[in-house]
Amino acid sequence: MKTLDRFPRVSLGIFPTPIQKLENISALLGRNIYIKRDDLTGLGLGGNKLRKLEFLLADAQRQGAEIVFTTGGAQSNHAMLTAAAAGKLGMRAILVLKKRGVTACVGNQLLERLMGTEVRFVDTDDYADIYAEMDRIGQASGRPYYKIPCGGSNALGALGYVDCAREIAAQDMRFDHIVCAEGSGGTMAGLALGAKLFLPGTKVHGMMVDTDPFDRITPELMRESAALLEVPLEITPEDYHLRDMCGPGYAIASAAGNAAVSLMAAREGIFLDPVYTGKAFAGLLEMAEEGVFGEEENVLFLHTGGAGGLFAIEME
Ligand SMILES: *Cc1c(COP(=O)(O)O)cnc(C)c1O
């Protein structure tokens, strides 16, 4: 195996992120529920994308890029964090965003305004068009550029969450289950692959908050990241567990998700978001209800961030 430490990486965040017990929610559910605070990764408003960007932007730097492109919806946490990280590293970020979701100057759009980020909206959902637009802008600039896919979810970005599994293993607690949101797939795929490598016996559950074919995307990304690491692993459906928590649609609040946001805020003083982490935690609550978790088992919820969206997405 090619160890993770051999991949170029820039230091952007504060790691390891803490693991805390959710005392009140554990008492409420009669189960041992912990939270890993990847909302506190330490740049911008925190969040999961920073772990991926440590690998992706190191690759961009190694290739001599001066401009970094990425994409997502109008309120993409990933795009905002990419702009923050690129600025810190002295690179210029250009966001080519889909005209989806709240485009007004609130939430992540406001944060991008504050950073002076260049944002171009394109009225398409077709990634081929979006990447072609990046190439047009990049070539016209005459500067070397680097394209990061939506959510930073490629084989290299997912290594950030393989590394997160290694980090959890070193935090000296055993978890029977890890639950996270799945939006573009890199977090779930990285964690599930990382669990296979570093957390034997831990089941990883991806709470799908979009309608993409994650039953195909998840194992594909796991295989691609395993290939990068040169580990000869066979990925089987036993290695990842998926649950549909999308509700009315991607980036549209769901009643279950909103209830989970309120529960976490009221009982633990921790803010989730309506697009990802609220829906994901609602999935954890459903699983607890269904008896998926044993009384003696330890369950870890991954807080992937999303604070920017909390101030932009309609929750009623
Ligand atoms: C992007 C994002 C996710 C989903 O992670 P993926 O790797 O894209 O599946 C979850 N939570 C928040 C807050 C995010 O911004």
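Whatever order the structure lists them in is the order used to number ligands and atoms, beginning at 1.
- With ligand atoms numbered from 1 in the order given, ligand 1 contributes 9 (O) to contacts under 4.0 Å with heavy atoms of Glu182.
- Crowding of Arg37 atom CZ: a count of heavy atoms from other residues, nucleotides or ligands under 6.0 Å exceeding 12.
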Verdict with reasoning, Glu133 to Arg136, per salt bridge (charged side-chain N to carboxylate O under 4.0 Å, His left out): CA-CA 5 Å; Glu133 178 68 9; Arg136 262 194 299 279; 2.7 Å; yes
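- Residue contact check: Gly306 has heavy atoms under 4.0 Å from atoms 13 (C) of ligand 1.
- For ligand 1, the atoms closer than 4.0 angstrom to any heavy atom of Lys52 are 6 (P), 7 (O), 8 (O).
- Residues Ile313 and Asp273 fail the side-chain proximity criterion, which asks for heavy atoms closer than 4.5 Å.
- Put simply, part of Gly185 is less than 4.0 Å from ligand 1, judged by heavy atoms.
- Counting non-hydrogen atoms of other residues, nucleotides and ligands closer than 6.0 Å to CD of Glu295 gives a total of 12 or fewer.
- Geometric assessment of Lys98 against the ring of Tyr250 yields a negative cation-pi assignment under the 6.0 Å and 45° thresholds.
- The closest approach between a heavy atom of Met188 and any atom of ligand 1 is not below 4.0 Å.
- Ligand 1 lies out of reach of Gly151, whose nearest heavy atom is not under 4.0 Å from it.
- At the shortest separation from atom 14 (C) of ligand 1 among protein heavy atoms lies Lys49 NZ, 3.0 Å.
- Close approach to Gly183 involves these atoms of ligand 1, each under 4.0 Å from a residue heavy atom: 4 (C), 6 (P), 8 (O), 9 (O).
- Near Ser153, meaning under 4.0 Å from one of its heavy atoms, ligand 1 places the atoms 7 (O).
- Every atom of ligand 1 with a heavy atom of Thr304 under 4.0 Å away is listed here by number and element: 10 (C), 11 (N), 12 (C), 13 (C).
- The minimum heavy-atom distance between Gly13 and Leu50, with the atom names listed, is CA-CD2, 3.6 Å.
- Counting only heavy atoms of the protein, atom 8 (O) of ligand 1 lies nearest to Ser184 OG, 2.5 Å.
- In this structure, the side chain of Arg31 engages the main chain of Phe293 through a donor-acceptor pair within 3.5 Å.
- With hydrogens left out, the protein atom closest to atom 5 (O) of ligand 1 is Asn48 ND2, 3.0 Å, a heavy atom.
- The aromatic rings of His241 and His205 sit tilted relative to each other, their planes meeting at an angle between 30° and 60°.
- At least one N or O atom of Thr187 sits closer than 3.5 Å to an N or O atom of ligand 1.
- At most 12 heavy atoms of other shown residues, nucleotides or ligands fall within 6.0 angstrom of atom NZ in Lys88.
- Of all atoms in ligand 1, listed by their number and element, those nearer than 4.0 Å to a heavy atom of Asn77 are 13 (C), 14 (C), 15 (O).
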